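Presented below is the structure to which this report refers.
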Protein chains: 2
Amino acid sequence: MPAYGQYCPVARALEVVGDRWSLLIVREVLFGGRRFNEIERGLPGISRSLLSQRLQLLERGGVLERRVREEGRVPEYALTAAGRDLHGLIGALRDWGGRWAFDDPRPEELDPAWLLSSMSRRYRRGAVPRRMVLEFRLRGGRRSHVWLLLHPRSGSEVCLKHPGFEADLLITAETRALFKVWLGRLSRAEAERRGLLRMEGAADIRRAFPEWFEWPSLPPSRGAAVGGSPAAARG
Amino acid sequence: MPAYGQYCPVARALEVVGDRWSLLIVREVLFGGRRFNEIERGLPGISRSLLSQRLQLLERGGVLERRVREEGRVPEYALTAAGRDLHGLIGALRDWGGRWAFDDPRPEELDPAWLLSSMSRRYRRGAVPRRMVLEFRLRGGRRSHVWLLLHPRSGSEVCLKHPGFEADLLITAETRALFKVWLGRLSRAEAERRGLLRMEGAADIRRAFPEWFEWPSLPPSRGAAVGGSPAAARG
DNA sequence: CAGTATCCTCGAGGATACTG
DNA sequence: CAGTATCCTCGAGGATACTG
């Protein structure tokens, strides 16, 4: 971001992380995004060239580092000490946004691929005894069928096509409701009671499921600073 | 700022306050800037039309309000509850910036008019028994002679021309040093010892002077994430 | 004092195609 | 898989002049 010409720590901070997308990129890496395509998946709408340019700016800004661990392996991005220290700033943004700008999802935000990338990023490694396949059948979003693979050791994977394994847990839901449940704006019980979400699978798996993720915790809304679409208010 | 298309509180917050200049405008109002020209003075380099547009965006975003108190009076800007709640975010920016992006001032940042507007914003109303005139004679900045008027009740005023009153306190300084002292990056004693700053006036006034302002408190630098100009490292 | 209206520029960033 | 190079567009925002 061009300089502000002020010897002020707020202005200086914004020069480094104030560019459009930059803090969202940091958010991705903060939650474990390491590879280029992985980071990109968490930022639908960004172009590859812009992501590439922003990553370079953040590297020059001392916020992250690009590393090629071994000859021939893919590059990985990691936060520096300064970058990790941005967690407080991201937290402040999340708190404020949750309180004042986080009403119901807008239709164009209902992208299941993004939701799953977000869940995948918050998967607790090793929380699962064996490979688990979660199947999502969704209504009212930009995609109706997605899968999430949880590996016991390595990590998790988003699949937009049938992964070839049978599902251990089938989640059928209104996309809007699934988003709200994930982001703590609607309880699972309430969603199930209202027929907006249903989970099928072995009882122990259904019971254990919530433990597999670190659910985002948000402050309660204190009124919309910005209004959402009126249609969004329903549910 | 255009939408990010993510149902994420961080992204939503950035949609409201992530535009260039927006958080600096909030900073100005947070520290008591109320009128258009007053806010503008804290943001050298912004154009009036851009400031006007950003103020409108922030108003639509629910962050501030524009009010005309009485028929015929000038409009004033005030933060809403959501806007006041941004102090945590601004604080996080200041903390991070102070730690990782706040090395020595760059030459183009040495604008005494801005520094005085900043001091003026942090003047403690009523800290002064009678009207006080501070005269600054500065070297190495974009301006060499400025005045700050402190009124016992109403507030403070920056003057770029002789205010017509005799000075109660004369501060002669290297502009760079004055900036660093104000922002806690150099102690007054050290600056005086090194001949970078001198204060002349009645002893009790010189002694009382620090109490007239709320001095910005910054975290210590933990290493520059971004490098300043090498020449800036000296003083 | 506090803006707004209009015109114009230039640079950020998308689209596309290409590479180690 | 992880980018980069090139070309082109369009819109953000500066300059200027004007107003209640």
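Just so it is clear: chains get the letters A, B, ... in the order the sequence lines come, proteins before strands, and each one is counted from 1. The shown structure was predicted, so the numbers you read here are calculated from the model rather than taken from an experiment.
For A/H87, the NE2 atom is loosely surrounded, since the number of other residues' heavy atoms within 6.0 Å does not exceed 12.
Under the 30°/60° scheme for interplanar angles, the aromatic rings of A/W215 and A/W182 are found to be tilted. Using cut-offs of 30° and 60° on the angle between ring planes, the pair B/F179 and B/W114 is parallel.
Considering only the side chain of B/S52, C/dG3 comes nearest among C/dG3, C/dC1, D/dC1. The listed nucleotides are D/dT4, C/dG3, D/dA2; the one nearest the side chain of A/R66 is D/dA2.
Distance CD (A/Q56) to C1' (D/dT4): 9 Å, rounded to an integer number of Å. In this structure, B/R35 places its CZ atom 11 Å from P of C/dG3, rounding to the nearest Å. Here C/dC1 presents its C1' atom at 13 Å from CD1 of B/I39, a figure rounded to the nearest Å. If you measure from atom CD1 of B/I25 to atom P of C/dG3, you get 12 Å, rounded to the nearest angstrom. C/dA2 atom P lies 10 Å from atom CD of B/E40, rounded to whole Å. Rounded to an integer number of Å, the gap from B/E38 CD to C/dG3 P is 12 Å. Rounded to whole Å, the distance from CZ on A/R34 to P on D/dA2 is 13 Å. Atom CG of B/N37 is separated from atom C1' of C/dA2 by 6 Å (rounded to the nearest Å).
Interface residues of residues 153-160 of chain B facing DNA chain D, ordered by number: none; criterion, heavy-atom separation under 4.0 Å.
Residues A/N37 and A/R41 meet the side-chain proximity criterion, which asks for heavy atoms closer than 4.5 Å. Contact check for B/L79 versus B/L30: side-chain heavy atoms found under the 4.5 Å cut-off.
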Which letters describe nucleotides 5-20 of chain C, given B = protein heavy atom under 4.0 Å from base, S = only from sugar-phosphate, - = neither?
--------SS------
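Ion pairing between a basic and an acidic side chain is recognised when a charged N comes within 4.0 Å of a carboxylate O; B/D168 and B/R131 show no such pairing. Using a cut-off of 4.0 Å between Lys/Arg side-chain N and Asp/Glu carboxylate O, A/E28 and A/R54 are scored as not salt-bridged.
Remark: A/S144 engages no residue in a side chain to side chain contact (heavy atoms under 4.5 Å, CB included) (not counting sequence neighbours). Partners of A/H145 under the side chain to side chain contact (heavy atoms under 4.5 Å, CB included) rule, at least two apart in sequence or in another chain, are A/E135, A/R137, A/W147. In this structure, the side chain to side chain contact (heavy atoms under 4.5 Å, CB included) partners of B/S117, at least two apart in sequence or on a different chain, are B/R121.
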Would you write the dot-bracket representation of DNA chain C, where each base gets (, ), [, ], | or . depending on whether it forms a Watson-Crick or G-U pair under 3.5 Å and with which partner?
||||||||||||||||||||
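Under the 6.0 Å distance and 45° angle rule, B/R94 does not count as a cation-pi partner of B/F102.
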